[in-house]
Amino acid sequence: MLDIKLIRKDPEAAKTALARRGDTSAIDKLLLLDAERRNIITQLEQNRMVKNAYSKKIAEQIREGLLKEAQLPEKEAIQAISQKIEAQEKEVEELNAQLDSLVLTIPNMPHNTVQSGGSSKTNKIVKEYLAIKQFSFNPLPHWEIGEYLKILDFPTATLLSGSNFPLYKGQGAKLERALYSFMLDLHVKEHGYQEISPPYMVKRECMLGTGQLPKMEGDMYLCEEDDLFLVPTAEVPLVNMHRGQTLDERVLPLNYVAYTPCFRREAGSYGKDTRGLIRIHQFDKVEMVKFTRPESSYEALEQMLGQSEEVLKRLGLPYRVLELCAEEISFASSKTYDIEVWAPGIKQWMEVASISNCEDFQARRANIRCKKAAGKGTFFPHTLNGSAVALARTYLAILETYQNADGTVTLPDVLVPYMGGVKVLQ
RNA sequence: GGAGAGGUGGCAGAGCGGACGAAUGCGACGGAUUGCUAAUCCGUUGUACUGGUUUAUGCCGGUACCGAGGGUUCGAAUCCCUCCCUCUCCGCCA
């Protein structure tokens, strides 16, 4: 949620920033509603002041014995004001509702270092790690490796849940577990995060707070009976852990990391990149979330990027880092880096991590504030989220990158302890 | 699913129609004092919205907020209704 005061103060700046990622017509509408609202509020509050003064006077006179309970002078006048107040309250309420629903549909403003424009071609490659691995044989796609090793079973998953769900078996299931255990340990032991295991279903307010709703409702799984959403990312429960709270500034920065499955309907995406583990309705992910002071959030973003990269470095996977352009960053984000790994079997770069600084956008929506340690007042902390990293695609990249000519897969060293000493999938 | 209890400031907890934005305690902050890992004393201590003013974090007003929404009343933390949430017990269940 954008700061209406900021927009009021400098509407052109807001429009210029938003124009870089899309439509700005909402801003004018917002200002119009805002002006109308404030105009009525001023009148309303003046009327209430008159009424309050009247009641106070009555109370005093009764106390001093000048008036009996039943006697009420100027009753008609005060009733007329009451009616006015009631009407104005309704108007304000309606304007508030309009303002709220409008402001919730406006995305965050891109940071000034973010490139303008759209399409994935505008994204800037800012870093590349390891050369793409060359094979002496034709590397297979992961679904063929998985089938041969009997560790991936898509037909059974389809039997259970329909298309685009994964089913891992035997060593394959263990590899999944090994991967997220390795990631969690890395972030907890070396990067200073607190491990959280949150609910996988959350209330509607949570989804509004982080910005998935109202725009993306169609992409979410909803349990209607209870109005609970399956989490599309652990970012939602992690950020919402402090929804509606006023934190002590001194607890910052807060660093949380969680493993959760992520549920996404991926509505309308059938037909594109849907084979194997590339795009599935349920995947595992380890996600980091940080709450920081506003002045240090961009420093934290770079740090978080490094922590995501570290996962891929230790797994020995070639990757590249993209700085997303204004139209490609997500709704709540001001600046986003994506990390893509190379999958040699399907010969594609695949997004496995997205690291974003949402500045105070989510904090405003979710009403998360910080009390200043010195002096009065509160401020909105900045929230950051970063994958560290998404499993299914990392998993497939491992199978494809480390496959051998005989169909076996030699696991990266860091995973061996987590696999109970198993070095090769065969 | 059944029965009961309860939701008040950072926390604990009083208030149960008018002097209540709310006692008291704890905590926090500022100060005084004391040489000993502290005690004592004094003071301060919410948030949001909004008008004015200022270069301004500011200052001066106003309004709202005691789980949420509605009702009664000149006046509601307090009375009435609806909803939500939490806790305890029972049932069911991994």
Side-chain angles (χ1 to χ4, degrees), chain A residues 1-10 30-100 102-103 197 199-209 223-228 237 240-252 254 291 293-295 360 363-381:
Chain A
M1 190 161 71
L2 298 177
D3 183 0
I4 181 82
K5 281 185 203 160
L6 215 70
I7 297 174
R8 210 187 279 155
K9 209 167 157 189
D10 193 352
L30 197 70
L31 286 169
L32 219 72
L33 284 169
D34 178 58
E36 201 182 339
R37 173 179 162 273
R38 283 188 299 152
N39 177 30
I40 294 172
I41 283 183
T42 310
Q43 297 173 35
L44 167 67
E45 293 191 343
Q46 260 160 19
N47 282 330
R48 285 212 269 233
M49 184 170 71
V50 171
K51 196 178 165 183
N52 287 346
Y54 175 82
S55 291
K56 212 170 176 184
K57 205 169 105 192
I58 299 252
E60 266 165 33
Q61 290 183 351
I62 289 174
R63 217 178 304 134
E64 287 164 16
L66 301 172
L67 205 68
K68 286 185 180 163
E69 292 270 356
Q71 301 173 317
L72 288 173
E74 303 166 71
K75 193 166 176 176
E76 299 76 27
I78 214 69
Q79 276 175 347
I81 288 185
S82 292
Q83 277 175 12
K84 245 190 231 169
I85 289 174
E86 215 170 304
Q88 286 168 334
E89 277 174 345
K90 277 209 178 93
E91 277 184 81
V92 170
E93 200 181 319
E94 205 163 293
L95 285 166
N96 277 340
Q98 283 181 41
L99 267 166
D100 284 350
L102 182 62
V103 84
S197 182
Y200 301 158
M201 299 168 93
V202 295
K203 296 182 189 175
R204 183 170 286 274
E205 297 92 291
C206 295
M207 299 291 270
L208 274 168
C223 301
E224 268 186 55
E225 188 112 348
D226 302 292
D227 206 34
L228 288 172
N240 278 284
M241 277 169 68
H242 298 295
R243 181 163 47 90
Q245 295 181 357
T246 304
L247 306 165
D248 188 322
E249 179 184 8
R250 286 166 293 194
V251 305
L252 299 179
L254 287 169
F291 293 78
R293 289 190 172 79
E295 59 274 18
D360 64 4
R364 281 179 190 283
R365 285 192 156 226
N367 192 24
I368 300 166
R369 285 172 297 157
C370 282
K371 198 174 164 178
K372 285 182 191 163
K376 276 187 165 186
T378 60
F379 63 92
F380 291 103

Closest listed nucleotide, where the reference is the side chain of T42(A) and the choices are U57(B), G51(B), C49(B):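 Output: G51(B).
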Let's see if you can work this out: which of U63(B), C49(B), G51(B) has an atom nearest to the side-chain heavy atoms of M49(A)?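 Looking only at heavy atoms from C-beta outward on M49(A), the closest nucleotide is U63(B).
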Compare side-chain N and O positions of [X] against OP1 and OP2 of [N] and report whether any pair is under 4.0 Å apart.
X	N	value
R369(A)	A48(B)	yes
K371(A)	A28(B)	no
R250(A)	A28(B)	no

Using whole Å, report how far [atom1] of [X] lies from [atom2] of [N].
X	N	atom1	atom2	value
Q79(A)	U72(B)	CD	C1'	13 Å
L66(A)	G18(B)	CG	P	19 Å
E295(A)	U57(B)	CD	P	18 Å
I40(A)	C49(B)	CD1	C1'	15 Å

Quick one: label [X] by what it contacts on the DNA or RNA (base, sugar-phosphate, nothing), any heavy atom closer than 4.0 Å.
X	value
R204(A)	nothing
K56(A)	nothing
R63(A)	base
T378(A)	sugar-phosphate
K57(A)	nothing

Review item, nucleotides 64-70 of chain B N/O atoms under 3.5 Å of protein N/O:
unit_1 : atom_1 : unit_2 : atom_2 : d
A64(B) : OP2    : N52(A) : ND2    : 3.4

Look at the side chain of R364(A) and the backbone N and O of L2(A), then say whether any donor-acceptor pair between them is shorter than 3.5 Å.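 No; judged by distance alone, with no hydrogens or angles, the pair does not exist.
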Paired with [N]: which nucleotide, if any, by Watson-Crick or G-U wobble criteria at under 3.5 Å for both distances?
N	result
C20(B)	none
U88(B)	A3(B)
U55(B)	none
G10(B)	C26(B)
G46(B)	C65(B)
A39(B)	none
U34(B)	none
C79(B)	G71(B)

Could you list the residues that satisfy side-chain contact (heavy atoms from CB on, under 4.5 Å) with P199(A), not counting sequence neighbours?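 Partners of P199(A) by the side-chain contact (heavy atoms from CB on, under 4.5 Å) criterion come out as none, since no residue qualifies.
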Starting at the 5' end of RNA chain B, which residue's closest nucleotide do you reach first, Y54(A) or A59(A)?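 So the residue in question is A59(A).
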If you assign each of I4(A) and K51(A) to its closest nucleotide in RNA chain B, which residue comes earlier from the 5' end?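 With I4(A) and K51(A) compared, the 5'-side residue is I4(A).
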With [atom1] as the reference atom in both, quote the distance from [N] to [M] in angstrom, rounded to an integer.
N	M	atom1	result
U72(B)	G91(B)	P	45 Å
A28(B)	G10(B)	C1'	8 Å
C83(B)	C65(B)	P	23 Å
A22(B)	C81(B)	P	30 Å
U57(B)	U53(B)	P	14 Å
G27(B)	A12(B)	C1'	10 Å
G70(B)	G18(B)	C1'	23 Å
U50(B)	U45(B)	C1'	24 Å

Enclosure of E60(A) CD (heavy-atom neighbours >12, cutoff 6.0 Å):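 Above 12, so yes.
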For I85(A), run the side chain to side chain contact (heavy atoms under 4.5 Å, CB included) check against Q43(A), E45(A), Q46(A), K51(A) and tell me which one passes.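 Of the listed options, the one satisfying the test is K51(A).
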In the structure I gave you, are the side-chain heavy atoms of P381(A) and I368(A) within less than 4.5 Å of one another anywhere?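 Result yes, sub-4.5 Å side-chain heavy-atom pair found.
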Show me the donor-acceptor pairs, under 3.5 Å and distance only, between side chains in residues 242-250 of chain A and residues at least two apart or in other chains.
unit_1  : atom_1 : unit_2  : atom_2 : d
H242(A) : ND1    : Q245(A) : OE1    : 2.8
H242(A) : NE2    : Y256(A) : OH     : 2.7
R243(A) : NE     : N240(A) : OD1    : 3.2
D248(A) : OD1    : R250(A) : N      : 3.0
D248(A) : OD1    : R250(A) : NE     : 3.2
D248(A) : OD2    : R250(A) : NH2    : 2.9
E249(A) : OE1    : A373(A) : N      : 2.7
E249(A) : OE2    : R293(A) : NE     : 3.0

